[in-house]
Every structure is written in structure tokens, then in C-alpha cells.
Amino acid sequence: MSGAVVARLARNATVAAWWPVVLLPPLLVLDAALTSDGPRVTVLAVLAAVVGCLPLVLRHRLRFTMLAPLLTAGIVLTLWGLEPGNTVVLIAMVALVELAARGDRRRTLWMGLAVVPCVVVSVVPFADYPAELFSVVARNVALSLLALAIGDVIRSRREALERLLAVRDEEARRRLGDERLRIARDVHDVVAHAMVAINVQAGVAAHLIDRDPAQARGALREIKATSGEALADLRAALGVLREGNGGAPVGPATGLRDLDELAVGLRAAGVRVELDVADVADVPAAVQAAGYRIVQEALTNVLRHANAGAARVSVAREDGALHVEVVDDGVGSGAGGPGGSGNGVRGMRERATALRGTLESGPAEPHGWRVLARLPA
């Protein structure tokens with residue numbers, strides 16, 4: 001409890017402004033009382049010490065040019081009542097630490113130069129011998145410069161901490177943006193692929209419901225299976241959002257080994273799919289997941305746009321990279337037309353770029369559409 005009280009007091013603006021006026025005068029009076037050749041401490045001397053410390057209340061508000069004359073006058077008043085005062089320099093040191101801590105390096109250097117005449121003006125009226133004047137001025141100037149150095153160190157460390165916090169905040173925002181983009185891509189891929197497949201199968205079922213009920217029932221079963229898988233994937237993505245801490249997915253991550261399932265869905269929709277997948281057992285999971293999603297989106301575009309009868313998916317390893325290619329024989333184009341301006345092609349390209357890979361999307365020869373992703377393996 002006492003620690004919490006001290007912490008609250010330290011943050012209080014009134015306490016921060018007035019603590020020197022409360023603590024320094026007793027210290028100055030005690031120093032004068034313990035000095036063997038000093039005068040007897042009187043009530044007037046104590047009052048002079050308190051008044052001499054009062055300018056410190058304004059150290060948070062005034063600049064050096066306005067505070068320096070007030071401090072010099074206060075030190076002279078304090079020395080008049082408590083001569084000799086070896087600790088009177090503490091009044092200047094408290095103010096200089098604060099001024100340097102809330103200034104900048106250039107201003108601190110100028111204050112270091114301006115301190116010298118202020119110290120001389122404060123000491124000259126009370127020095128009996130030239131040698132004493134030199135030693136007292138040198139000591140007080142050194143202590144004042146030390147106070148400026150301490151304030152400058154405090155300022156430097158505070159600015160370094162602020163920069164570090166700003167970098168961390170920016171990194172946190174960047175990671176949050178990346179995670180939101182990743183989840184948006186996953187939701188888009190899952191929902192788009194499932195909806196296109198369901199739409200095609202529903203059309204098949206509606207067309208065959210009277211002529212071939214058995215095949216229509218097969219299409220409806222495909223709709224049920226596709227929608228169930230889509231719901232499971234969607235729950236996993238929403239679960240990550242709900243957890244808020246990157247919770248673990250509810251099932252194993254999809255990869256290039258799962259391309260057969262994508263092919264089954266397209267074949268059920270009437271598109272012949274040829275798979276040519278190299279051994280990818282040692283390919284990192286992140287690369288496999290990105291490759292799977294790229295193939296999924298490309299095959300979704302085949303159903304949605306291409307009016308294709310066949311598609312070929314090939315995954316090969318070449319020059320330390322994984323080449324993932326999807327080619328169809330349709331007459332349509334990729335999402336958004338040549339160059340890929342739709343969300344699908346943009347999402348595929350973002351996935352490839354996130355892994356320092358590349359993605360090409362454009363017309364195939366002699367007709368159809370081709371998507372080629374090169375991912376580091």
C-alpha cells in the first residue's frame with residue numbers, strides 16, 4: 001500500500017512542483033548549522049531559505065532565460081541568510097535537471113554556457129578571497145554541469161523509450177493488419193470456393209431432378225458435404241477472431257496433399273481435373289498452405305468464370321522453388337479479367353508475395369487461363 005501511495009504522489013502535479021520547497025530548506029539549514037564557522041541560524045535565515053527555493057515551483061513552466069534570474073536572486077537571498085552555504089547549489093541543480101530533461105541537446109549546451117555567469121554573480125558578493133572565489137565558482141559550475149548532464153541523460157532515455165514504444169506499436173498494428181488480411185483471405189477462399197461449388201451442384205440437381213433423380217441426389221449430397229466443410233473452416237477462422245490471441249485451429253492445416261479433395265469437388269461439378277503433384281513432404285507448412293489456397297482460388301475461378309471442361313493442376317520443384325500451376329481450357333478469364341483485378345487474383349498474389357514468391361495470371365495458349373505461382377521451397 002505504501003508503494004502505491006508513493007507512486008500516486010509522484011504522479012501528482014502539485015507534489016512534483018512543490019517537493020523541492022519542502023525538502024531543500026531543511027537540508028540547507030542543517031548544512032549551515034553544522035558548519036563550524038557559520039553564523040547562528042535564525043528564523044529569518046530559515047525564511048530566506050524557503051523564499052530562495054520558491055522559484056523551483058515554476059521550473060516546469062518557465063524557460064531557462066526566465067528562470068535563471070529568479071534562481072540567481074533566490075540563491076543570493078539564501079546565501080545572505082545561511083552563509084556559508086555549501087549545499088545552496090542544490091537549488092540550481094534541481095532546476096537544471098528539469099530544464100535539460102524537457103529540452104534538447106542544443107538548448108542544454110547553451111544553458112551550460114549561461115550557467116557560468118549566473119554562478120559568478122551568485123558567489124562574488126560572499127567570497128572573501130580571490131582563491132576562494134575561484135574554487136567555489138569552479139565547484140558550483142561543475143555541479144551545475146553535472147545536473148545538466150543528468151537531465152540530458154534522462155531526456156535521451158525517455159526519447160529512446162518513446163521511439164521503442166512507437167516501433168512496437170507500429171509493429172503491433174502491422175501484425176494486426178497482416179492477421180486481418182490473412183483471415184480475410186481465408187474466409188474469402190473458403191466461402192467463395194464453397195458457394196461456387198454449391199451453386200454449380202444446385203444447378204445440376206435442378207436440371208436432373210426429374211430426368212435422373214439418382215444423379216440429382218448425388219449432387220445434393222455433394223452440396224451437403226461441401227457446405228459442411230465450408231462451415232467447419234469458417235468456424236475455425238471465426239474462432240481465431242473470437243480468441244483474439246491467435247488460437248490454434250480446430251483441425252490440421254490444409255496443404256498440397258489435400259489437392260485430391262479439391263479435384264473431387266470439381267469433378268462432381270462436371271470439370272475434368274488432372275493432378276500432377278511432386279513429392280512435397282519436406283516443404284514448409286506455410287508454403288504448402290499458401291499453395292493449396294492458390295490452387296483452391298484458381299479452381300474456383302475455373303468454375304465461376306472459365307466455362308471450362310478440363311483443368312490441369314501441376315506442382316513441381318525447380319531451382320529451389322515450388323512451381324504451382326493451374327491451367328484450364330475454358331473461354332472465360334480469371335477473376336476481374338486479364339491481369340487479375342478481382343479479389344481472388346489479388347488474394348493469390350498477396351499469398352505469394354507474403355512468402356517472397358511471385359504469381360502470374362493470364363491467358364493460356366491456345367485458349368483458356370493460366371495461373372503460375374513460384375514459392376520458395
Side-chain angles (χ1 to χ4, degrees), residues 171-194 197 225-226 228-266 273-302 311-327 340 343-361 371-377:
E171 178 68 12
R173 284 197 298 267
R174 184 191 65 79
R175 289 183 179 180
L176 178 61
D178 290 347
E179 185 66 9
R180 291 175 60 186
L181 183 61
R182 182 191 67 79
I183 294 174
R185 284 197 300 259
D186 286 347
V187 171
H188 172 272
D189 291 348
V190 169
V191 174
H193 181 77
T226 301
E229 293 172 1
L231 283 173
D233 289 342
L234 194 57
R235 286 193 192 100
L238 294 178
V240 173
L241 288 176
R242 198 176 296 115
E243 291 286 338
N245 56 1
V250 296
T254 53
L256 295 172
R257 64 184 178 278
D258 303 307
L259 292 180
D260 285 334
E261 298 177 8
L262 290 178
V264 169
L266 259 75
V273 180
E274 176 187 350
L275 292 178
D276 181 13
V277 181
D279 182 15
V280 294
D282 60 337
V283 174
V287 177
Q288 290 216 34
Y292 175 89
R293 292 302 186 187
I294 289 172
V295 172
Q296 182 184 50
E297 180 59 33
L299 292 180
T300 299
N301 288 341
V302 170
R312 178 173 55 84
V313 178
S314 63
V315 179
R317 305 182 69 161
E318 182 179 342
D319 299 331
L322 196 69
H323 289 207
V324 179
E325 184 180 45
V326 180
V327 182
N343 290 329
V345 173
R346 183 173 61 191
M348 290 188 287
R349 183 167 288 113
E350 287 173 350
R351 290 186 184 278
T353 303
L355 295 172
R356 300 183 183 276
T358 60
L359 184 131
E360 300 173 8
S361 177
V371 174
L372 173 63
R374 297 182 181 87
L375 307 176

Does R374 form a salt bridge (charged side-chain N to carboxylate O under 4.0 Å, His left out) with E318? I'd like the steps, not just the answer. CA-CA 9 Å; R374 297 182 181 87; E318 182 179 342; over 6 Å; no
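- Scanning all heavy atoms of the two residues, the minimum distance from A278 to A316 falls at CB-CA, 4.2 Å.
- Counting heavy atoms from C-beta outward, N301 and M348 have side chains that approach closer than 4.5 Å.
- V302 has its side chain out of reach of V273: every pair of non-hydrogen atoms, C-beta onward, lies at least 4.5 Å apart.
- Contact annotation: the side chain of R346 never approaches that of R349 to less than 4.5 Å [non-hydrogen atoms, C-beta and beyond].
- Taking 4.0 Å as the cut-off between side-chain N and carboxylate O, E171 and R175 count as a salt-bridged pair.
- Within 6.0 Å of CZ in R356 there are 12 or fewer heavy atoms belonging to other residues, nucleotides or ligands.
- Distance check, rounded to the nearest 0.5 Å: CG of L372 to OG1 of T358 gives 7.0 Å.
- In this structure, CG in L299 is found 12.0 Å from CD1 in I294, a value given to the nearest 0.5 Å.
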Just list the side-chain donor-acceptor pairs under 3.5 Å for residues 279-291, sequence neighbours left out, or say none.
{"residue": "D279", "atom": "OD1", "partner": "A281", "partner atom": "N", "Å": "3.2"}
{"residue": "D282", "atom": "OD1", "partner": "R317", "partner atom": "NH1", "Å": "2.5"}
{"residue": "Q288", "atom": "OE1", "partner": "L256", "partner atom": "N", "Å": "3.1"}
{"residue": "Q288", "atom": "NE2", "partner": "V280", "partner atom": "O", "Å": "2.8"}
{"residue": "Q288", "atom": "NE2", "partner": "V283", "partner atom": "O", "Å": "3.4"}

